[in-house]
S.K.: 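Following this message is one structure expressed as structure tokens.
Just follow the structure's listing: the first ligand is 1, and inside any ligand the first atom is 1. Quick note: residue numbers are just sequence positions, from 1.
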Amino acid sequence: MATHKLLLLPGDGIGTEVMAQVKRVLAFLEQQGLASFAIEEDLVGGAAYDQCGLPISEEAMKRAFAADAILLGAVGGPKWANVPYEARPEAGLLRLRKDLQLFANLRPALCYPALADASSLKRELVEGLDILIVRELTGGVYFGEPKTITDLADGQKRGVDTQVYESYEIERIARVAFELARTRRNRVVSAEKHNVMKTGVLWKQVVSEVHGADYADVSLEHQLADSCAMQLVRAPKQFDVLVTDNLFGDILSDVAAMLTGSLGMLPSASLGAVEELTGKRRALYEPVHGAAPDIAGKGLANPIAMIGSLAMALRYSFGQGDVADRIEKAIAGVLAKGYRTNDIKSEGATVVGTEGMGDAVLAELAIG
Ligand code: IPM
Ligand code: MG
């Protein structure tokens with residue numbers, strides 16, 4: 001069996017707590033002979049800053065380049081509110097995304113039947129929901145230059161962020177969305193603001209061209225991003241694959257996440273291009289939720305999104321979809337049996353902490 005080189009970057013806040021549960025799952029898979037890992041661990045975010053004054057060290061970046069896949073917990077927290085902008089915890093995550101060229105961010109929003117009542121929307125609107133958000137992750141306003149605050153002569157200041165997209169960036173993310181749609185319900189919605197933004201005009205044009213040239217069999221609809229946000233809460237089940245830029249994707253994926261009951265449930269994959277020679281692609285897997293400083297250190301965090309991120313790694317990086325299925329089945333089983341962390345608790349549920357949820361998932365995995 002191939003040994004997968006895995007880099008663990010637990011990061012800050014609840015990142016370390018949820019990663020601890022993933023380590024238990026990794027040990028289980030190894031013991032059972034289901035998978036084989038060579039595991040390294042390093043710091044990212046505030047934890048790295050405290051140690052070396054940078055949100056990720058050069059050494060950790062080297063390890064990231066050498067890994068088959070990276071699992072990241074979360075970064076950030078009030079402790080680092082006043083560190084220099086360039087060294088803030090989030091900069092470590094953004095550097096990983098940018099330097100590894102992880103342009104395709106897959107954020108599935110799945111509503112488990114057992115959790116339909118945890119959503120803030122009515123059960124009938126979200127039950128059976130299965131959306132895949134494909135977010136462009138290495139371009140747009142996150143990285144565009146200039147990005148500055150300057151002093152003006154009259155004592156005022158001017159802040160500038162720049163939204164930039166080149167056609168190749170739009171084309172490659174559109175292709176990812178269309179390819180994935182073909183493996184699902186064959187529908188893509190593309191969201192932008194072509195009524196206000198030049199990048200939106202280009203986005204719409206390039207997505208349409210790629211569609212016409214190579215994916216005419218997939219249904220494509222363009223929505224304005226604001227209207228798309230409204231549709232996501234009005235009738236979320238109309239969506240199959242939703243492709244959008246970096247900033248809109250950040251916002252719309254939080255909305256989609258909440259439809260499913262809790263941000264604590266959703267994993268994500270950030271993928272690079274497939275290398276022609278090796279057939280491999282760089283990849284980082286992380287929960288959609290953040291470091292949650294308000295509950296950090298209390299053993300309350302929901303580890304399901306982090307464990308689900310490991311399942312995505314097995315599926316997309318290691319070609320072990322069967323083991324990924326088994327983990328996802330275990331998660332569904334635990335929920336069906338009524339185990340709930342605080343964020344998804346409901347009447348009559350067995351409320352457990354982070355460790356307790358880890359126990360329940362392991363017990364379910366052992367059943368097979
Ligand atoms: C996300 C997060 C990040 C982002 C932050 C932590 C920089 O919100 O992954 O959605 O804005 O991309
Ligand atoms: Mg976000």
Side-chain angles (χ1 to χ4, degrees), residues 9-16 18-19 43-49 54-56 64 70-81 83-109 131-144 147 161-165 169 173 191 225 228-229 232 242-260 262-272 283-296 301-302 305-306 308-309 312-313 343:
L9 298 172
D12 307 320
I14 63 168
T16 53
V18 294
M19 190 66 84
L43 302 173
V44 68
Y49 178 80
L54 292 169
I56 186 156
I70 303 161
L71 291 184
L72 186 139
V75 294
K79 181 178 175 198
W80 302 283
V83 308
Y85 184 79
E86 287 68 31
R88 72 200 190 286
E90 290 78 5
L93 173 59
L94 295 177
R95 178 165 177 207
L96 281 164
R97 290 175 179 172
K98 189 71 178 173
D99 287 9
L100 296 170
Q101 275 297 302
L102 306 172
F103 70 90
N105 184 212
L106 276 39
R107 299 192 158 185
I131 304 178
L132 179 61
I133 297 194
V134 178
R135 169 188 177 193
E136 199 292 324
L137 202 61
T138 49
V141 76
Y142 272 61
F143 298 101
K147 196 176 194 58
D161 289 291
T162 308
Q163 165 91 343
V164 195
Y165 271 109
E169 297 175 280
I173 195 72
C228 179
L232 268 175
L242 171 55
V243 63
T244 190
D245 78 10
N246 205 342
L247 183 61
F248 294 141
D250 180 44
I251 297 167
L252 295 175
S253 64
D254 266 27
V255 175
M258 206 52 219
L259 299 173
T260 70
S262 167
L263 218 46
M265 297 296 300
L266 296 200
S268 80
S270 303
L271 308 175
L284 178 149
Y285 300 85
E286 57 174 322
V288 173
H289 65 69
D294 53 323
I295 59 162
N302 183 350
M306 188 77 245
S309 298
M312 286 189 93
D343 53 314

S.K.: For ligand 1, is there an N or O atom under 3.5 Å from any N or O atom of Arg107?
M.R.: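 Indeed, backbone or side chain, Arg107 has an N or O that close.
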S.K.: Any idea which heavy atoms bring Ala48 and Pro55 closest together, and the distance?
M.R.: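 Looking at all heavy atoms of both residues, the closest pair is CB-O, 3.5 Å.
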S.K.: What protein heavy atom is closest to atom 4 (C) of ligand 1, reported as residue, atom name and distance in Å?
M.R.: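 Answer for atom 4 (C) of ligand 1: Tyr142 OH, 3.4 Å.
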S.K.: So which of Arg88, His289, Arg97 gets nearest to atom 9 (O) of ligand 1, if we judge by its closest heavy atom?
M.R.: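 Residue with the shortest heavy-atom distance to the ligand atom: Arg97.
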S.K.: When you measure from the Mg ion (ligand 2) to each N, O or S atom of Asp250, which atom gives the shortest distance?
M.R.: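 Nearest N/O/S atom: OD1.
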S.K.: Under 4.0 Å from a heavy atom of Glu90: which atoms of ligand 1 are those, numbered in the order shown and with their elements?
M.R.: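 Every atom of ligand 1 under 4.0 Å from some heavy atom of Glu90: 6 (C), 7 (C).
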S.K.: Please write down residue, atom name and distance for the protein heavy atom closest to atom 8 (O) of ligand 1.
M.R.: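 Of every protein heavy atom, Asp250 OD1, 3.3 Å lies nearest to atom 8 (O) of ligand 1.
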S.K.: Show your working on side chain to side chain contact (heavy atoms under 4.5 Å, CB included) between Leu93 and Glu286 and close with a plain yes or no.
M.R.: CA-CA 10 Å; Leu93 173 59; Glu286 57 174 322; 3.8 Å; yes
S.K.: Asp12 side chain to Ala47 main-chain N or O, any donor-acceptor pair under 3.5 Å?
M.R.: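 Side chain of Asp12 to backbone of Ala47: a pair is present.
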S.K.: For a 4.5 angstrom cut-off between non-hydrogen side-chain atoms, does Asp343 reach Ile295?
M.R.: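 No, side chains not in contact.
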S.K.: With rounding to the nearest 0.5 Å, note down the distance linking CZ in Phe103 to CG in Leu271.
M.R.: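 Output value for this atom pair is 8.0 Å.
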